[in-house]
Amino acid sequence: MIPAPLIFLVLPWLAAPLIYLLRLRGWFRAEVALAVTVAIVGALLAGALPLAAPPWVRDSFGVLGRTFVMEPVDRGALVQIFALAALIFLGAGLHPAGPYFLPAGTGILSLLAAALFVRPFLFAAIFLEVAAALAVFMLADEAHPLTRGALRFFTYTTLGMPFILFAAWLIESSAANPGNAQLLVQATYALAAGFALLLAVVPFHSWLPLAADHAPPLATAFLTSVMRLPVVFLLLKLLDGYPWLSQNPLVYGALLLAGTGMVILGALFVFGQQNLGRSMGYALVIEYGAILMALGLGTRAGVEAALAALTVRGLGLWLWALGLSELRREASDNAFATLHGLGWRRPFAVTAVAVGMLSLIGLPLMAGFPPRWALLRLLAEQTPVLAAVLLAAMTSVGVVVMRGLAALTTPRRPDEVIEPQESRLAQVTYTVAVAAVLVLGAFPQWLLPSLTLAAAFPRLGP
């Protein structure tokens, strides 16, 4: 019998060196096609592969004393990870993102799958650390040399791993010494420190605006969407798997406090931005904070809102990355002053950037609105002040987007004659992507499959 988890570990890992060889031979289209195919196949298998169905597949296998298990909840996470990776790899075919982007990204998919499968859960930190090391190669190319954003991301991930592993040791020690309650208290503090580093909780958020400003936009989208999903699912599994965590009100209070702090800081710093990259970085700080706020409510509805937000946020990020990659063909950086007037030469790309950011913050009629509205309603019922804070943060990002649109659509000279310069393929791609965002906003019931994932965490909330 073939272990189902092994398929998702081996397939991307074997494909990664082949993709790099295609890059060395200069076969760019074949490289993109193989990366996209692997991601699509992974998404299809995750959704359709039967588990424990004789005679040819089983749901687990063991290596070096550790077990890799594919559970039903992992299906939803894998489908999102591989499907979103396929979109981003497809975008790399339109806007090349560096020689290591596709091979490193494909290899990372294997590591993210391992982080979901490994038992005990806490050993996922090892795979997330290796994935972060590979991601550094994605964040640098000829036009974007290695920056502080990439180095800070890797540093914070590396600093977070020992806390997670130390918590694993404390939990195992507690099982051997059930009378020592102090071990579980220490494990809780270690987990809090580890996840604060992994989830870019203030003050460990500084890599987000730096990476969004200096790294290739598609690499930023991959890093902040595909690679963040396993971290959130790891947090959910820990809360659901250990009653001493899920039944501790201080844990939910800490999540709510951390999320609120991120929303407030993101709103304050984004308001004065004059840069599309840094603006998205702080918008992501707000988005991460909103997800933590949803989990901090300690209710099933909060978990559902967080999972729905995770499902749709990648689409907005992908749209922003596609549009900004197009604009960067003519500009040296992401500042409004540098991009001045590009709205007339690249109207579809500018629309994509604006719609992507507005969808991320949850503007009505866009894909991000249903989960954001659900969270606002929940916050208004329990703590209206926090609902007002989140709404103010959303408004702050919206003001920056409008300011950016005003700069990008104003010609440098009144008599300047500007003609659109986008290819037909780019126009079609942006149009389809924007339509998808609007359709998901108009038909939020299509997000219901993501809400069913909350049922896999029965201990989280009444």
Side-chain angles (χ1 to χ4, degrees), residues 195-196 199-203 205 208-209 212 224-225 228 232 235 251-273 278-317 320 354-403 437 440-441 444 447 450-451 454 460-461:
F195 278 100
L199 290 172
V201 174
V202 177
H205 68 285
L208 272 170
T224 55
S225 58
R228 297 297 92 187
V232 176
L235 176 60
V251 171
Y252 296 104
L255 288 172
L256 193 60
L257 179 62
T260 303
M262 295 180 73
V263 169
I264 293 175
L265 182 138
L268 292 176
F269 278 83
V270 76
F271 187 78
Q273 291 301 315
R278 286 181 173 270
S279 298
M280 175 54 85
Y282 287 112
L284 284 168
V285 172
I286 296 173
E287 174 65 13
Y288 285 172
I291 291 175
L292 292 180
M293 290 174 73
L295 297 179
L297 293 175
T299 64
R300 178 63 56 84
V303 175
E304 291 177 350
L307 291 175
L310 284 173
T311 300
V312 299
R313 69 199 294 265
L315 186 58
L317 276 167
W320 165 84
V355 171
M357 292 189 68
L358 293 175
S359 177
L360 185 74
I361 65 172
L363 188 76
L365 302 180
M366 295 191 181
F369 175 69
R372 187 54 51 86
W373 173 254
L375 176 56
L376 285 170
R377 181 174 55 82
L378 293 171
L379 289 173
E381 293 174 355
Q382 296 191 21
T383 314
V385 173
L386 295 185
V389 169
L390 181 56
L391 187 59
M394 294 164 55
T395 304
S396 183
V397 177
V399 169
V400 174
V401 173
M402 296 302 105
R403 189 189 305 141
V437 169
L440 282 176
L447 299 177
S450 66
L451 302 184
L460 298 184

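Owing to the predicted nature of the structure, the values given are computational and were not obtained by experimental measurement.
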Which atom of [X] lies closest to which atom of [Y], heavy atoms considered:
X    : Y    : result
G296 : L255 : CA-CB, 3.7 Å
L292 : G259 : CB-CA, 3.8 Å
V400 : S279 : CG1-OG, 3.3 Å
V312 : P371 : CG2-CG, 3.9 Å
V263 : I286 : CG2-O, 3.8 Å
A387 : A380 : CB-N, 3.7 Å

### CG (L268) with more than 12 external heavy atoms under 6.0 Å
yes
### Query
Parallel under 30°, tilted from 30 to 60°, perpendicular over 60°: which one fits the rings of Y282 and F269?
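Geometry flag for F269 against Y282: parallel rings.
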Measure from the side-chain N and O atoms of [X] to the backbone N and O of [Y], and report whether any donor-acceptor pair falls under 3.5 Å.
X    : Y    : answer
S396 : A392 : no
R372 : I361 : yes
S359 : V355 : no

### Message
Go through it in stages, so that I can follow the logic: the residues are L317 and L284, the test is side chain to side chain contact (heavy atoms under 4.5 Å, CB included), and I'd like the CA-CA distance, side-chain angles, deciding distance and then a yes or no.
### Response
CA-CA 9 Å; L317 276 167; L284 284 168; 3.8 Å; yes
How many angstroms lie between atom [atom1] of [X] and atom [atom2] of [Y], to the nearest 0.5 angstrom?
X    : Y    : atom1 : atom2 : value
L386 : M293 : CG    : CE    : 4.5 Å
L297 : E381 : CG    : CD    : 9.5 Å
T260 : L379 : OG1   : CG    : 8.0 Å
W320 : T224 : CH2   : OG1   : 7.0 Å
I291 : R228 : CD1   : CZ    : 11.0 Å
M280 : L208 : CE    : CG    : 11.0 Å

### Query
Any ion pair linking E304 and R300 (charged N to carboxylate O, less than 4.0 Å)?
no
### Query
Between M394 and L376, is a side chain to side chain contact (heavy atoms under 4.5 Å, CB included) present by the stated rule, with each step listed?
CA-CA 11 Å; M394 294 164 55; L376 285 170; 4.0 Å; yes
### Query
With a distance cut-off below 6.0 Å to the six-membered ring centre and an angular limit of 45° from the axis, does R313 pair with Y288 as a cation-pi contact?
no
### Query
Is the closest side-chain heavy-atom distance between M262 and L199 below 4.5 Å?
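Side-chain contact under 4.5 Å: no.
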